[in-house]
Amino acid sequence: MYLALGLSSWMLMYALSTMTMNHRHLFRSPPQWQAEKQETYQAAFAEGADPRLIGGQILAHLGLEGRFNASRQPGGRIQVTRHDPVAPRRISYTPADGKLVVERMVFRAPAFLERMHRRRGYGTGPGLEDTWAFSVDLVIGAMIFWVLSGLWMWWEMKATRGWGLLTAALGLGLFTVFLKTI
Amino acid sequence: MSFHLLIRRVHLYLGMFLLPWFFVYGVSSIPFSHAEYFQQRYGRPQWSVRFERPYHIEAPPGADLRPIGARILKDNGLDGAFGVYRPNERTIEVYRFRFGSATRLRYRQDEKRLVAEDSHARWNHLLTELHARGGFDQDSFLNDLWAVVVDMVSIGIVLWIATGIYMWWQLPQCRRWGWAALGGGGGLFVIFLATL
């Protein structure tokens, strides 16, 4: 019970995000970006420097450290995407004139939920990223534990064995039909 | 039947019916959460060629790919759930999938050639397919029914949270630790949102 109460925020997020992903045709729309900041960034990078190195330095300059990816676009422009769960940023840096443009993704609840749903994995960024990955593993362990403990608690209540067996058999039967046919 | 008993029974029987899905969603999250480990251990997906043949279908740029993908499958004696996309302007790829197996049809427009490849079955792929499957974009009753069950699982989780909180509240001796768990979890989640 306490495990479930503690992880209820994660479970609610996974449930709501699954619904939006299952009905993507209703919620899909291209991301919209709004300009947040524009400035000149004076820095000297070696020609052909790793875009990740440049991206990390730019994010540190902007105070936006965290999970990101970076790529070099045709023409030499560096594009950095900062994967903030609530407000992702797109940062464009043109080394030739030092122009730095920061854009923020307009918040949309379905996109936010899907980002949270897909966020996982260790070693993907600094700070609390690994702690988040651990929390995802904790949810996984809890889900398996709830299935097993739920079965045990059902079996302990003799009055519910018949209907419990029937609903479990119906669910398992339907699941098997799906496995065989689609 | 009292309201309290109704809540308890909904919590229980919904769980029993959706148990295979809930269990599979839990277990199948492991290959997603530890993708690097599975990639290192099992390598990239393996494909073997089923056939390679001359083929032609009109597919102008910007055309709706879905009917084109359906036609490619039908012309080659295949059916089932599929996705279709253009990895580049010369190629159309149709990905036909069933639980445990998949067929990839790659149509090269410039060469007027079609290559079909079958995936090698792997248990971790089956799990990720079970996890990721959903949506109402296939023209098939059973695929739509699967998507309905996915919605049921989502609604079921929301109901388990609501009925679970109700049942916890009915146990006064558990309220203090329950508040600590609920507040601690909610607080940590907000910290993640603010700092990730």
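Scope of the values below: all heavy atoms of this structure, side chains included, with no hydrogens, waters or symmetry mates. Keep in mind it's a predicted model, so treat the numbers as computed, not measured. Residue numbers begin at 1 in each chain, while the letters A, B, ... track the order of the sequences.
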Side chain, backbone, both or neither of [X] within contact of chain B (heavy atoms, under 4.5 Å):
X	value
Leu151(A)	side chain
Ser135(A)	side chain
Tyr14(A)	neither
Met1(A)	side chain
Leu170(A)	both
Arg118(A)	neither
Met116(A)	side chain
Trp10(A)	both

[X]-[Y] co-clustered via ILVMFWY side chain contacts under 4.5 Å:
X	Y	answer
Met105(A)	Phe27(A)	no
Leu53(A)	Ile78(A)	no
Tyr25(B)	Leu172(A)	no
Val27(B)	Trp123(B)	yes
Leu65(B)	Phe82(B)	yes

I'd like to know which of [options] tops the heavy-atom pair count under 4.5 Å against chain B.
options	answer
Leu7(A), Val86(A), Thr160(A)	Thr160(A)
His23(A), Lys180(A), Arg82(A)	His23(A)
Leu128(A), Thr18(A), Ile144(A)	Leu128(A)
Val136(A), Thr131(A), Val139(A), Thr176(A)	Thr131(A)
Asp137(A), Leu165(A), Leu148(A)	Asp137(A)
Arg24(A), Met157(A), Arg119(A)	Arg119(A)

Problem set entry | Polar side-chain atom of Arg67(A) near backbone of Leu196(B) as donor-acceptor pair, under 3.5 Å |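 Side chain of Arg67(A) to backbone of Leu196(B), a donor-acceptor pair under 3.5 Å: no, none is there.
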
For this session: Say whether, by atom type as modelled, one donor and one acceptor occur between the side chain of Asn22(A) and the main chain of Ala147(B) under 3.5 angstrom.
Result: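 Judged by distance alone, yes, a pair lies under 3.5 Å.
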
Would you find more than 12 non-hydrogen atoms of other residues, nucleotides or ligands less than 6.0 Å from [X] atom [atom1]?
X	atom1	value
Phe145(A)	CZ	no
Phe134(A)	CZ	no
Arg71(B)	CZ	no
Trp152(A)	CH2	no
Gln32(A)	CD	no
Arg28(A)	CZ	no
Glu89(B)	CD	no

Nearest heavy-atom pair of [X] and [Y]: which atoms, and what distance?
X	Y	value
Leu5(A)	Leu182(B)	O-CD1, 3.4 Å
Met19(A)	Val158(B)	CE-CG2, 4.5 Å
Ala133(A)	Ser33(B)	O-OG, 4.4 Å
Gly186(B)	Ser9(A)	CA-OG, 3.5 Å

Only pairs of heavy atoms separated by less than 4.5 Å count here; which of [options] has the most with chain A?
options	value
Thr195(B), Leu193(B), Val153(B)	Leu193(B)
Phe136(B), Trp160(B), Phe23(B)	Phe136(B)
Gly183(B), Ser140(B), Gly178(B)	Gly178(B)

With side chains defined as the heavy atoms from C-beta onward, is the minimum distance between [X] and [Y] less than 4.5 Å?
X	Y	answer
Leu145(B)	Phe178(A)	yes
Asp137(B)	His25(A)	no
Arg98(B)	Thr181(A)	no
Met21(A)	Val150(B)	no

Exercise. Is the distance between the ring centroids of Tyr2(A) and Trp177(B) under 6.0 Å?
Worked result: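 No.
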
Inter-residue atom distance [X].[atom1] - [Y].[atom2], 0.5 Å rounding:
X	Y	atom1	atom2	value
Ser29(B)	Arg120(A)	OG	CZ	9.0 Å
Ser8(A)	Ile157(B)	OG	CD1	12.0 Å
Glu36(B)	Tyr122(A)	CD	OH	12.5 Å
Leu174(A)	Met152(B)	CG	CE	8.5 Å
Ile161(B)	Leu12(A)	CD1	CG	4.5 Å

For this session: Classify the ring geometry between Trp146(B) and Phe175(A) as parallel (under 30°), tilted (30 to 60°) or perpendicular (over 60°).
Result: tilted

Problem set entry | Residue pair Leu179(A), Leu130(B): steps toward the side-chain contact (heavy atoms from CB on, under 4.5 Å) verdict | CA-CA 9 Å; Leu179(A) 273 184; Leu130(B) 282 162; 3.9 Å; yes

Problem set entry | Contacting moiety of Tyr37(B), where chain A heavy atoms sit under 4.5 Å | neither

For this session: Side chain from CB out, backbone as N, CA, C, O: work out which of these in Val190(B) comes under 4.5 Å of a heavy atom of chain A, or both, or neither.
Result: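 Neither part.
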
Problem set entry | Contact residues of residues 4-22 of chain B (partner chain A; heavy-atom separation under 4.5 angstrom) |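 So the qualifying residues are Arg8(B), Arg9(B), Leu12(B), Tyr13(B), Met16(B), Phe17(B), Leu19(B), Pro20(B), Trp21(B), Phe22(B).
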
